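Below is one structure; the comments refer to it alone.
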Number of protein chains: 2
Amino acid sequence: MGALDTALHGLRALIADGALRPGDRLPSEGELCERLGVSRGSLREAIRMLAALGVLETRHGSGSYVSELRAADLIGSLSLTVGLLPMAGVLELTELRRVLEPHAAALAAARIDEDTVASLDRVLDEIEATTDFEVQSRLDHEFHMAISQVAGNDALTSLIDVLRSRSRAYRISEPDDAAELKIHSDAGHRAILRGLAAADPVAASAAASAHVAYTEYWVRRYSGLDT
Amino acid sequence: MGALDTALHGLRALIADGALRPGDRLPSEGELCERLGVSRGSLREAIRMLAALGVLETRHGSGSYVSELRAADLIGSLSLTVGLLPMAGVLELTELRRVLEPHAAALAAARIDEDTVASLDRVLDEIEATTDFEVQSRLDHEFHMAISQVAGNDALTSLIDVLRSRSRAYRISEPDDAAELKIHSDAGHRAILRGLAAADPVAASAAASAHVAYTEYWVRRYSGLDT
DNA sequence: TAAAACATACTTGTCATACGAGTTTGTGGT
DNA sequence: ACCACAAACTCGTATGACAAGTATGTTTTA
């Protein structure tokens, strides 16, 4: 087994065995090198791998720390890479959204309170009022994230966030298309919010499903992958 | 911006811009160092991060290559870390399974063919016949992965695999509990397969949902987290 | 006494160099 | 045409050195 694997599995074992718990500071690189029997370069490569996966966090001059190991954070580590997926992969992810977002909407409908409904209503007012694409995109993200947060599962929220981040990166170039998209999108948002306000999981779920399906339609159309 | 970030974003940009496509070999480390203006150590740390996330693959003596960038592979990179989640996180993931596995079962019911049904039937025969926990675990995994593969979305299969890998790691210590678990588990598997064989998405989905719920019951019971 | 300023030790960040290990390639011989 | 082999190239690992940032304890100051 190479030095990098030794360091990687050694560090992972320290966490898995409970010798290092969430929030703990790792021993210094020098001490870890001695204990694991690898050079500092190999050790640092292993630390970087775990940091990329959301398990460790390194602070310059202070040390490396075990993260809180929340499921949402580990899932969030995918956000760096989903932006690299080719179009075919984006469609696979959109299919996951077609399952997860309706589920989140259904859960949210059962738990949402009046204040949150009012808050989301104001967000939709803003979206409908503006023509700035950047503002629309930001508020759209805010709307959907708020819903999945109400659903109460942080891992679900993080996963939906990661999946949505890719579709969000595209923008429609044709003015006519953009206008059509906005009309349908605004209507879809209102339908979702009606379901939430009525505490009707079935209605909210159906509206969310239709909303994702409509997104998928545009992704296919602009990627030239419709069959 | 530090040298590591320079290298990381530089490499990512090469892929995002299409200068490097899936399967391509990266320039040698020496050349990349010159081009990006960082030392070899910093460059290697960046390469390791992308490798941990499933974007790059390095072969000793040959070079580093861009992976196929399949959504399933990127999601699979989580498998190294989900094993580190504390129990509370496992329950969050189980809730995701309660959405995804029924969905996969429903899709599979609409697409499965007779040969696959027969194959799964034999797998269940084996599971029911053996008392070896390791064999049961392996066949159980085989059964569930086959179903999600039939569903036809590799990203979904990979995600379910990652989520299941954590629950799979536990084993029931009490003999009486293990026997009870096996009886219910075997019955659950049969119910799922009946739904698939009948090409009945609703039945398959409901059976899969019950199966995951039962798993969650045991996870809660053995983690002391039931409320 | 309390607070601010400072010096010191410690930790991570980066770089340079060297050599071992594995792969690829081209060459020469059969 | 095939095989054997050597050379060149690539990644893997180790070491040493210094810069940059942080934490801590001490000294100075109000």
Side-chain angles (χ1 to χ4, degrees), chain A residues 1-15 19-69 73 77 80-81, chain B residues 1-15 19-69 73 77 80-81:
Chain A
M1 189 167 64
L4 175 57
D5 294 278
T6 302
L8 187 62
H9 290 114
L11 288 174
R12 193 181 178 286
L14 284 176
I15 301 172
L20 290 173
R21 323 182 91 246
D24 284 354
R25 207 194 86 178
L26 272 65
S28 72
E29 294 181 350
E31 186 178 335
L32 280 174
C33 289
E34 280 193 12
R35 218 192 286 186
L36 298 173
V38 300
S39 74
R40 198 177 157 215
S42 300
L43 174 72
R44 282 179 62 85
E45 288 182 19
I47 290 176
R48 289 299 181 207
M49 293 182 74
L50 290 175
L53 293 168
V55 174
L56 298 180
E57 296 168 11
T58 296
R59 296 176 221 163
H60 186 183
S62 175
S64 288
Y65 299 79
V66 180
S67 78
E68 289 304 320
L69 294 178
D73 294 335
S77 70
L80 233 182
T81 65
Chain B
M1 190 168 60
L4 175 58
D5 294 275
T6 302
L8 187 62
H9 290 114
L11 288 174
R12 194 182 177 286
L14 284 176
I15 301 172
L20 290 174
R21 322 181 92 245
D24 284 354
R25 207 194 86 179
L26 272 65
S28 72
E29 294 181 350
E31 186 178 336
L32 280 174
C33 290
E34 280 193 13
R35 219 192 286 185
L36 298 173
V38 301
S39 74
R40 197 175 158 215
S42 299
L43 174 72
R44 282 180 62 84
E45 288 182 18
I47 290 176
R48 289 301 182 206
M49 292 181 75
L50 291 175
L53 293 168
V55 174
L56 297 180
E57 295 168 11
T58 296
R59 296 177 221 162
H60 186 183
S62 175
S64 289
Y65 300 79
V66 180
S67 78
E68 289 305 318
L69 293 178
D73 295 334
S77 70
L80 232 182
T81 65

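Residue numbers start from 1 in every chain, and the chains themselves are labelled A, B, ... in the order their sequence lines are given, proteins ahead of strands. All values reported here derive from a predicted model rather than from experimental measurement.
Under the 4.5 Å side-chain criterion, counting only non-hydrogen atoms from C-beta, Ile47(A) is in contact with Leu43(A).
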Contact letters for nucleotides 9-15 of chain C, in which S counts primed atoms plus P, OP1 and OP2 and B counts the base, heavy atoms under 4.0 Å: --BBBBB
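Screening residues 48-68 of chain B for salt bridge (Lys or Arg N to Asp or Glu O under 4.0 Å) gives Glu45(A)-Arg48(B) as the qualifying pairs, with residues at least two apart or on separate chains.
When rounded to the nearest whole Å, the span between CD1 of Ile47(B) and C1' of dT13(D) equals 15 Å. We find that CD of Glu31(B) is positioned 15 Å from C1' of dC11(D), with the value rounded to whole Å.
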Verdict with supporting geometry, Leu56(A) and Ile15(A), side chain to side chain contact (heavy atoms under 4.5 Å, CB included): CA-CA 10 Å; Leu56(A) 298 180; Ile15(A) 301 172; 4.1 Å; yes
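A donor-acceptor pair is defined here as one N or O able to donate and one able to accept, closer than 3.5 Å; such a pair exists between the side chain of Arg12(A) and the backbone of Leu80(B). Judged by distance alone, with hydrogens and angles left aside, the side-chain atoms of Ser64(A) form no donor-acceptor pair with the main-chain N or O of Leu26(A) at under 3.5 Å.
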